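Just below is one structure, and these are the notes that go with it.
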Amino acid sequence: MKKSLWLSLGSLLLLTACQQAPVSCEAASHSIAQVQGGGLESPLLGQQVSIQGVVLGVVYADGPMPGLMLQSQVPDQDPLTAEGIFVALNNAGQYQVGQLLSVRGTVAEVEQLTSLIDVEVLNDCGKAELAPLSLTLPLPAELSWEAYEGMWLRIEQPLVVTDSYNLGRYGEIMLADQRLMVPTQVATPGAAAQQLAAENDRRSILLDDGRYQQNPDPLPYPDTGLSAYNSLRVGDQVLNIEGILHQDERGYRLLPTAKPRFITTNARPAAPDKTASDELRIASYNVLNFFTGHGQENAFPTRRGARNAAELARQQAKLVEALLALDADIIGLLELENNGYAEGSASATLLAALNARSSEPYQQVVLADAPGSDDIKVGLFYRASRVTAVGQAASQTAAPFTRLHRPPVAQSFRHHASEQVVTVAINHFKSKGSCPRTGNADYAAQRDQGDGQACWNAARVEAATALHQWLATTPTGVTTAYQLIMGDFNAYRQEDPIRWFEQQGWQYLDDGKAASYSFVFRGQSGSLDHLLTTPALAEKMVSFTHWPINADEPVLLDYSTRFKPASQREQLFAPNPYRSSDHDPILATFRF
């Protein structure tokens with residue numbers, strides 16, 4: 001089902017004053033503000049009322065419930081009551097923007113939108129003139145978007161793109177007055193994070209394309225046209241934002257009445273600087289379900305990742321460009337298909353593709369046994385010209401890594417330039433999704449506690465504890481003061497698992513930026529990917545980088561051809577590192 005509405009506003013009048021209706025127009029039983037009320041639902045649900053309002057536009061023109069959006073000609077003095085309302089009408093297209101109508105209908109909440117259904121138009125009361133209400137974000141603390149439901153709004157200040165996930169699927173992007181951070185990235189879980197979450201809601205709004213259409217072609221945004229070489233990145237600026245505020249089960253959205261203008265203010269980043277000959281660079285990269293289907297009777301479809309060989313080739317091309325540009329001596333990889341290490345496996349296939357392009361070939365760390373039974377695994381690549389694997393490759397497959405989490409993989413390496421030995425462990429903890437069901441034995445402890453850390457937080461703390469204890473046993477057989485843990489911990493910077501590591505003495509590595517991030521989810525940025533080291537190794541760090549090639553980019557620009565019309569499949573793809581995954585790679589460089 002399409003998530004947005006078609007809005008016909010071709011003749012919208014940008015006018016500034018009100019005009020009196022003809023005296024023959026029937027008096028209304030209620031104002032629109034009275035029908036809306038000051039809460040999330042109308043106080044008159046189920047009652048029949050008559051109202052008067054100015055036509056702002058036709059919505060649902062080709063959808064399952066066509067109708068008009070009406071706004072009060074004269075507002076009341078209560079800022080909590082919205083002045084707009086949706087009126088369901090099958091013949092909505094016969095009415096014009098600017099008409100003042102008297103209508104009667106039954107009050108209902110249609111997908112959380114206060115509406116009139118079973119509507120009869122009583123009178124055409126002539127023409128009326130309205131101007132959009134000017135707003136700046138964030139909204140005042142005492143107000144929410146509910147106070148503006150159904151109204152014609154103009155946001156005067158420049159906004160920035162905070163999410164483009166549904167641009168290709170539904171023609172919508174999220175905007176805010178600034179980049180929005182995941183609350184627990186920058187605030188302590190609990191009251192502080194909850195307060196920031198509420199502030200984020202008042203700062204952000206969806207900009208719809210106003211069409212009742214899935215997979216729009218051409219794409220509505222940016223106004224210069226989206227392509228593999230002309231992106232629309234989180235952080236880019238948007239001007240001339242005007243529209244009618246609509247609501248459905250997915251939240252509030254502006255249906256545009258003017259064409260927004262886009263300005264590139266977050267240009268694509270260049271590749272990281274090259275690694276000097278005396279430096280050691282270690283990187284972590286989630287490769288977003290790189291699956292080859294090796295070992296299956298038929299390679300495709302795989303359980304995750306590419307749906308056919310052509311998609312796999314596109315995915316591989318983008319990943320190789322990204323991995324090459326990292327110029328890392330040791331790379332921790334996440335979301336590789338767990339199908340062994342032999343030729344044809346995911347890890348061997350990616351390694352061969354990387355080595356076909358690299359002047360310094362990589363090798364992979366190979367375990368004697370499969371690292372657990374999950375569909376995906378973690379792995380390690382290393383440049384044999386710069387480092388040598390020493391000791392034994394190790395993995396922890398005992399509890400709690402028997403379920404939920406992927407077993408970690410550890411290996412020690414001797415750095416040729418310095419002769420120092422570093423032990424590296426790559427990890428992938430349980431995600432915040434697929435929350436436990438009521439009645440599950442773990443439900444009470446693992447459910448979302450409402451503190452901003454989502455569900456399975458207790459499991460991630462348990463995994464952090466077990467990882468720390470396992471590494472204390474020197475699983476690679478090599479003792480060194482230089483140790484590093486990295487990967488996708490599925491916990492943001494201020495959440496319990498990361499703070500627990502710090503309490504045990506691990507040093508958190510970062511770039512010194514308060515707004516650091518490696519992932520964007522539902523319009524908010526934060527880091528699920530982390531690097532932590534022993535104090536001795538932290539002292540040797542010379543640089544740390546989040547390389548923002550993925551999280552800021554539209555998912556439309558990835559390798560997949562799904563949900564893309566034929567005309568977009570080549571237009572939106574290039575074998576470059578941008579949107580090669582959904583997580584940004586992170587890397588730290590050390591000098592001994």
Side-chain angles (χ1 to χ4, degrees), residues 184-185 188-190 193 282 284 286 332 334 367 371-374 376-378 380 393-412 422-436 440-510 526-538 586:
T184 51
Q185 176 69 23
T188 305
I282 302 175
S284 173
N286 185 320
L334 303 101
L367 298 173
S373 58
D374 199 291
I376 55 176
K377 68 178 181 182
V378 299
L380 288 166
S395 180
Q396 173 61 293
T397 56
F401 300 104
T402 51
R403 56 186 291 270
L404 301 179
H405 320 284
R406 272 57 60 176
V409 172
Q411 177 69 64
S412 298
V422 177
T423 296
V424 176
I426 179 70
N427 308 271
H428 193 179
F429 289 1
K430 175 69 181 77
S431 73
K432 296 175 179 293
S434 303
C435 294
N440 184 298
D442 293 336
Y443 177 73
Q446 305 298 352
R447 67 181 180 86
D448 190 337
Q449 306 295 316
D451 59 0
Q453 301 185 94
C455 55
W456 302 112
N457 180 59
R460 290 188 288 273
V461 172
E462 183 183 22
T465 304
L467 175 66
H468 174 75
Q469 293 172 344
W470 177 61
L471 291 174
T473 68
T474 318
T476 66
V478 176
T479 300
T480 175
Y482 300 134
Q483 298 182 53
L484 180 146
I485 56 176
M486 62 180 175
D488 180 356
F489 294 94
N490 272 305
Y492 291 106
R493 173 68 182 93
Q494 300 299 329
E495 293 186 7
D496 295 342
I498 306 305
R499 290 188 295 137
W500 189 91
F501 280 130
E502 292 180 287
Q503 291 165 6
Q504 311 314 306
W506 292 94
Q507 301 292 296
Y508 187 86
L509 304 187
D510 61 26
S527 287
L528 296 173
D529 307 271
H530 308 280
L531 284 165
L532 298 98
T533 70
T534 50
L537 185 55
I586 56 174

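For the single chain, residues carry numbers from 1 onward in sequence order. Nothing here was measured: the structure is a model prediction, and the numbers come from that model.
Listed by chain and number, the residues in a side-chain hydrogen bond (donor to acceptor under 3.5 Å, both in side chains) with E495 are T184, K432 (sequence neighbours excluded). For Q396, there are no side-chain hydrogen bond (donor to acceptor under 3.5 Å, both in side chains) partners two or more places apart in sequence or in a different chain. When the side-chain hydrogen bond (donor to acceptor under 3.5 Å, both in side chains) test is applied to Q504, no partner is found at least two apart in sequence or on another chain. Shown here are the ring pair (Phe, Tyr, Trp, His ring centres under 6.0 Å) partners of Y482, two or more places apart in sequence or in another chain: F592. Looking at residues two or more places apart in sequence or on another chain, you find a salt bridge (charged side-chain N to carboxylate O under 4.0 Å, His left out) between R493 and E502. The side-chain hydrogen bond (donor to acceptor under 3.5 Å, both in side chains) search around K430 returns none, not counting sequence neighbours. Partners of D510 by salt bridge (charged side-chain N to carboxylate O under 4.0 Å, His left out), not counting sequence neighbours: none found.
Smallest separation of non-hydrogen atoms from N427 and P408: OD1-CB, 3.2 Å. L380 and G332 get closest at one heavy-atom pair: CD2-CA, 3.8 Å. Listed here is the closest heavy atom pair of R447 and Q449: O-NE2, 2.9 Å. For the residue pair A464 and P497, the shortest heavy atom distance occurs at CB-O, 4.3 Å. Of all non-hydrogen atoms in L471 and A410, the two that sit nearest each other are CD2-CB, 4.4 Å.
Between the side chain of H405 and the main chain of A459, a donor-acceptor pair closer than 3.5 Å is present. W456 contributes no side-chain N or O that, together with a main-chain N or O of F429, makes up a donor-acceptor pair within less than 3.5 Å.
Here the options are I485, L484, V424, I586, the test is side chain to side chain contact (heavy atoms under 4.5 Å, CB included), and the partner is S284; only I586 passes.
The aromatic rings of W506 and F501 sit perpendicular to each other, their planes meeting at more than 60°, with 30° as the lower class boundary.
Note on residues 451-466: no pairs pass salt bridge (charged side-chain N to carboxylate O under 4.0 Å, His left out), not counting sequence neighbours. Evaluation of the salt bridge (charged side-chain N to carboxylate O under 4.0 Å, His left out) test over residues 395-410, restricted to residues two or more places apart or in two chains, returns D374-R406, R403-D442. Applying the side-chain hydrogen bond (donor to acceptor under 3.5 Å, both in side chains) rule to pairs touching residues 469-479 yields S412-T476, sequence neighbours excluded.
No hydrogens or angles considered: a donor-acceptor pair under 3.5 Å links the side chains of Q453 and D496.
Note that the CD1 atom of I426 and the NZ atom of K377 stand 13.0 Å from one another [nearest 0.5 Å].
When side chains are defined from C-beta on, V422 does not count as touching T480, because their heavy atoms never get closer than 4.5 Å.
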Show me the donor-acceptor pairs, under 3.5 Å and distance only, between side chains in residues 526-537 and residues at least two apart or in other chains.
from : atom 1 : to   : atom 2 : distance (Å)
S527 : OG     : S518 : N      : 3.4
S527 : OG     : H546 : NE2    : 3.2
D529 : OD1    : H583 : ND1    : 3.3
D529 : OD2    : S518 : OG     : 2.7
D529 : OD2    : H583 : ND1    : 2.8
H530 : ND1    : Y508 : OH     : 2.7
H530 : NE2    : A491 : O      : 2.7
H530 : NE2    : S527 : O      : 3.0
T533 : OG1    : A538 : N      : 3.2
T534 : OG1    : A481 : O      : 2.6
T534 : OG1    : Q483 : N      : 3.1

